[in-house]
Amino acid sequence: MSTVPQESIEVISQSLGINNLAPEVLPGLASDVEFHVREIMQEAIKCMRHSKRTTLTSEDVDSALGLRNVEPIHGFASGDPLRFKKAAGHNNLYYIRDKDVEFKDVIDAPLPKAPLDTTLVAHWLAIEGVQPAIPENATLEVQSDNRKAEYREDGVSVDVKLPVKHVLSRELQLYFEKITELTVSRSSSILFKEALVSLATDSGLHPLVPYFAYFIADEVSRNLNNSYQLIGLMRLVWSLLQNPHIHIEPYLHQLMPSVMTCLVAKKLGNKFSDNHWELRNFTADLVALICKRYGHVYHNLQPRVTRTLVHTFLDPTKALPQHFGAIQGLAALGPSVVRLLVLPNLEPYLRLLEPEMLLEKQKNGMSRLEAWHVYGALIRAVGLCMYNRLKKLPTLLPPLRAMSRSNPKVITKIPSKRKATVDNMMQQPPLKKLATNGPMGSLTANSVPVDMSGTSGGYAANIQVADSSFPSISKTFSNENVRGISARRDGVASQGYKSSAVLQQAWKEEFDTGNLLPLLYEYFGESMLNFVPTPELSLLL
Amino acid sequence: MDEEDIEKAVMTYLKKKGFKQTELAFQEEQQRQHPKTALNSTNSHVDPEIACQILSFSSELENNPAQYHEGYGKLRSWAYSSLDLYKHELLRVLYPVFVHCFMDLIAKGHIQEARTLFNSFREDHEMMHARDLQKLEGVLSPSHLEEMEFAHSLRQSKFNIKICQYSYDLLLQYLHKTQSVVMLGLINEHINFQVSPGQPTSISDDAEVVTFMGSGQDATNLINQKEIHWGLLEDSLEERLEKAGALVPDSAKVDGEAREGEVEENKKRPYEGGKQGASLKKSKKDKVATATGKASRVETSTVSVAPRVKPELTLPSIPAEVEHSILEDLRNRVQLSSAALPSISFYTFINTHNGLNCASISQDGSLVAGGFSDSSLKVWDMAKLGQQTGYATSQIVEDSYPSDSLLGANSGRKSYTLFQGHSGPVYSATFSPFGDYILSSSSDSTIRLWSTNLNTNLVCYKGHNYPVWDVQFSPVGHYFASSSHDRTARIWSMDRMQPLRIMAGHLSDVDCLQWHVNCNYIATGSSDKTVRLWDVQSGECVRIFIGHRSMILSLAMSPDGRYMASGDEDGTVMMWELASGRCISPLVGHTSCVWTLAFSCEGSLLASGSADCTVKLWDVTASTKLLKTEDNKTGSINRLRSLKTLPTKSTPVYSLQFSRRNLLFAAGVLSKNT
């Protein structure tokens, strides 16, 4: 009947050394305890209100006890609200974590930083009723929402004044100076990171955007041989883009040239040691972000960016780092861009690139490194593209078949491929069920290869074994595999005859993707397999 | 009706009440009668109605706790299923009945039943009476009822319910019909119906319809009938300015410094003041003039201008140079209205580590005091501090910082002056009107007077027995008032160690207080959810304002002395008319505690600062005008027009202050976790 359980009373009394408490006393005590606890909490809430707080602290309870002339409970003094933790295994049991502290540790520990002293800062909350857009004030968006709500609630229209343009305040000037100074001189410091956070979150920075745009353009053109500087600047752009209170669209045209420069410039950073690859990577993401965010506002934004990148990519006179930047940029723009623009040009490009990568053809180690970088970027780009396709269409049958046929190297890598093939077989039926309106037909069509492989020497069973222990027996198994594959080829052939027109339609897309993988495999070898979606691979395991 | 049953019932009743003699007599009589009744049992004609009553009454006496639950449940479902027209009136009856059912059960020791009753029906009343229910929830034994003030006062006094004739009849009829004597008894004992003829009042959450009074409603009515003189003081500076202003058009050189803007303004005011008889309700500017004007005018509206009053206290004299600066300020005052909103300068405390309990801003905004829970009082001189931040933009509006202030005088590391002396958290601080003294009140039950010129403690006033929640200087200085957990408010003068008056009457803590502009009254807000107005001279309570649903946290008096605003814990602000003691309009909008309220200097705007991190500006003129037009429609709530909501950046607003030039100063603490 009382919210204080009688067991608690019992436990407390025992802890006080009273062991022989009569059970009939318990309910009385429990209700009394509850009453007095409530009373004290009521007083504590009063104290809280007078301390102008909305969170109850242990201090309030202490002063409430003081009001009742009761000894306060010591040991919980802390200005911050207590953090309660849930006791494991109990639903409604909370406790305060008390850490054991070694005396020695406390004594040896360096003196903690003195807490900052209380200070007072002044700003204008409103000037003749209008809130200036300065960092000290809450965001204007929120305010306008509130205002709209007010219209409804009192039904009286309130005349809304538009925010007035102000000259750049001293504070903002100072802020700008600080930020630019940090970017120029100390872009690796922790302070700079803080500054970036502030740029990304603070409201009221809007008046500074044109200045920042100008600053970035200026600094980029001046610091082309200092990649650290450039990456700092790009981060600045990133932060500005993140800030929800800034409307950066009108300044994008000023920013884009600088950003593109950082992506595809011939030379970024003067030293060989400079990590301009990282800069290009980062900028590629940045470009993608801009395109994604503002693509719908500026309809020609993405086409223009893409055109620039493709031009760079396809121009053999451009330096390899430029190609790298272009590929990264295209990759970041999304798999469909890669599919449409990179893949068709892949073969000729690789033909050009290959000699650069080989030790015997390209003696300059630096150039070779660059070529490998480009190669890596290409792999990543097309790989991601493929991954994306495969994600959508989990059928791998034709590609693998083609692949196994075309590349002799495959033998060594059978198990992983096998996984994919088997996986494929298992997945097909449900897919077809969904994709076609003739599920029966497709089901039979698909069951054929399985049956076939099954008949060709009890092979299906073997697969399971092989997959579970593939590293050890992969060699022994290759023969069988070839057989299996050939058998399956037949299956596919027969399937081709049997399948209906509908089915073929469904397959078309798949072949499209399907052709992709073998093609890529041809170019890049097994490294491409890393991009085969893992869930598909793991399904079998 | 079986006669024997009745006899048995009567017997048990007598036994229970211990009427031994009567019982014996009854038995004797019964014995004698018995053969007779046996003979002509057919003759017995007991009125079945009465028999019923007796029987049901007897069943009550069995002390059956289920009766309460059942009775209340029935009454509730009856009320809920009644006609829509009368429903809301009948529903009002439920809460008092519910509370008393609960307390009766507790008092009779049926704790378990009381709990069940409470838990099954508490939701009905959660909205209106959440806080009371929380208090009652803890009552678990008859002794608690005795201990707890709230329960005690509930049981000793009556609820007032306004109800129309028909609803009243309906209720009575129901009670008779169902013979729920328990309910009837409860209602009879604890509810005082104010039956009004005619149609039921319109549905409104008018808080006054169900009121609970500590001293009974008659007393409150009596108190609220007392006469109060809310007029402004004779011979105030404003008045002098009016006179001086009238001269300005004739000779612009009166003050030797004829700035065009001011002259224009001064021209305008007396002009409008002159033609007031014609268009009185036109604008609030007129109203100010009306309130300040002395000449008797024919008024069309019901509210008449209060005549100037003489101060009941001997007032301190104002030094000439201070007077001069005040006049200067008044001349430069910006006229505010719904179209011309004030500029707000916001002072943000940072790094307070949850320690700031109160903030106070001096009249001219140049000094800011903060009271901390570590017993310290810190005072910032904004004239020194404001140089870096305030000056770049200060040209936009008129600057209230003294322009010849100490440039570069920012000496030392600390930007503030530290006042130490209290031995408990400082709950309130107030500046004297001219900023040369500060008073602070603390949980150590003392009030300390500090000098800002000497930077030292001057006096420690002891008198309260419990933490002093609030202290306020009177508008003229010298006198001050304090309020405390000991349920009293006290009036002091700076030169005496003992209080001059003690105002007792509140039923719970006195949480906040405010002086009336003419210094003859103080208003106090309390945890008992009432605001009271006290006569300073006699120490008597002259008004009780009932309507808030939670603890009152802030009070403000309009500069014309006619209205008072009060803000509570739930975020409701109420506007009261002092003369009638009525609530003009509740101001709904804040979602959390209203820490502070301030009227603009000519009374056209009300600013409120709250824990929900907003400053709201309300249009006072619009609401009072509404009141005049629909004066007679009772129950119609004209919500005060909210002009603007100004959100701060996670900074609850602790204090607001309009300077004499109508620049609004606000102060608050930057809190990260809100």
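Every chain is numbered from 1, with letters handed out A, B, ... down the list of sequences.
Between A:Lys52 and B:Tyr427 there is no side-chain heavy-atom pair separated by less than 4.5 Å. No side-chain heavy atom of A:His50 sits under 4.5 Å from any side-chain heavy atom of B:Pro425. Between B:Ser415 and A:Leu120, the closest side-chain pair of non-hydrogen atoms is not below 4.5 Å.
For B:Gln134, the part sitting under 4.5 Å from any heavy atom of chain A is the backbone (N, CA, C, O) and nothing else. Looking at B:Tyr466, the atoms closer than 4.5 Å to chain A (heavy atoms on both sides) all sit in the side chain, from C-beta outward. Heavy-atom distances place the backbone of B:Leu356, and not its side chain, under 4.5 Å from chain A. If you measure heavy-atom distances from B:Val426 to chain A, you find no contacts under 4.5 Å at all. When heavy atoms are compared at a cutoff of 4.5 Å, B:Ser610 does not approach chain A at all. Heavy atoms of B:Ser592 lying under 4.5 Å from chain A belong exclusively to its side chain. With a 4.5 angstrom heavy-atom cutoff, B:Leu553 touches chain A only via side-chain atoms. B:Pro342 touches chain A through its backbone: at least one of N, CA, C or O sits under 4.5 Å from a heavy atom, while the side chain does not. Contacts between B:Asp470 and chain A at a heavy-atom distance below 4.5 Å are absent for every atom of the residue. Residue contact with chain B, scored on non-hydrogen atoms closer than 4.5 Å, is absent for A:Leu174.
Residues that satisfy the ring pair (Phe, Tyr, Trp, His ring centres under 6.0 Å) test with A:His36, not counting sequence neighbours, are absent from this structure. Looking at residues two or more places apart in sequence or on another chain, you find a ring pair (Phe, Tyr, Trp, His ring centres under 6.0 Å) between A:Phe35 and B:His144.
For the atom pair B:Lys649 NZ and A:Ile134 CD1, the distance stands at 9.5 Å (nearest 0.5 Å). The line from CZ of A:Arg53 to CH2 of B:Trp595 is 9.0 Å long, rounded to the nearest 0.5 Å. Atom CD of B:Glu569 is separated from atom CZ of A:Arg49 by 4.0 Å, given to the nearest 0.5 angstrom.
Between the side chain of A:Gln131 and the backbone N or O of B:Pro647 there is at least one donor-acceptor pair closer than 3.5 Å.
When all heavy atoms of A:Trp124 and B:Ser343 are compared, the closest pair comes out as CZ3-CB, 4.1 Å. Listed here is the closest heavy atom pair of A:Gly129 and B:Leu341: CA-CB, 3.5 Å. B:Ser527 and A:Lys46 get closest at one heavy-atom pair: OG-CE, 3.6 Å. A pairwise comparison of heavy atoms in B:Asn357 and A:Ser51 identifies OD1-CB, 3.3 Å as the closest pair.
Within a 6.0 Å radius of OH in A:Tyr211, no more than 12 heavy atoms belonging to other residues, nucleotides or ligands are found. Shown here is A:Ile190, whose CD1 atom has no more than 12 heavy atoms of other residues, nucleotides or ligands within 6.0 Å.
Exactly one residue among B:Val653, B:Thr648, B:Thr348 makes a side chain to side chain contact (heavy atoms under 4.5 Å, CB included) with A:Leu125. That residue is B:Thr648. A side-chain hydrogen bond (donor to acceptor under 3.5 Å, both in side chains) with B:Tyr416 holds for exactly one of A:Asp117, A:Thr118, A:Thr119; it is A:Asp117.
Options B:Met551, B:Glu137, B:Lys378 differ in how many heavy-atom pairs under 4.5 Å they form with chain A, and the most are formed by B:Glu137. Ranking B:Asp509, B:Asp374, B:Thr352 against chain A, the residue ahead of the rest is B:Asp509, based on heavy-atom pairs under 4.5 Å.
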- prompt: Checking side chain to side chain contact (heavy atoms under 4.5 Å, CB included) for the pair A:Glu128/B:Val334: CA distance, chi angles, key distance, verdict?
  reply: CA-CA 10 Å; A:Glu128 289 172 359; B:Val334 178; over 6 Å; no
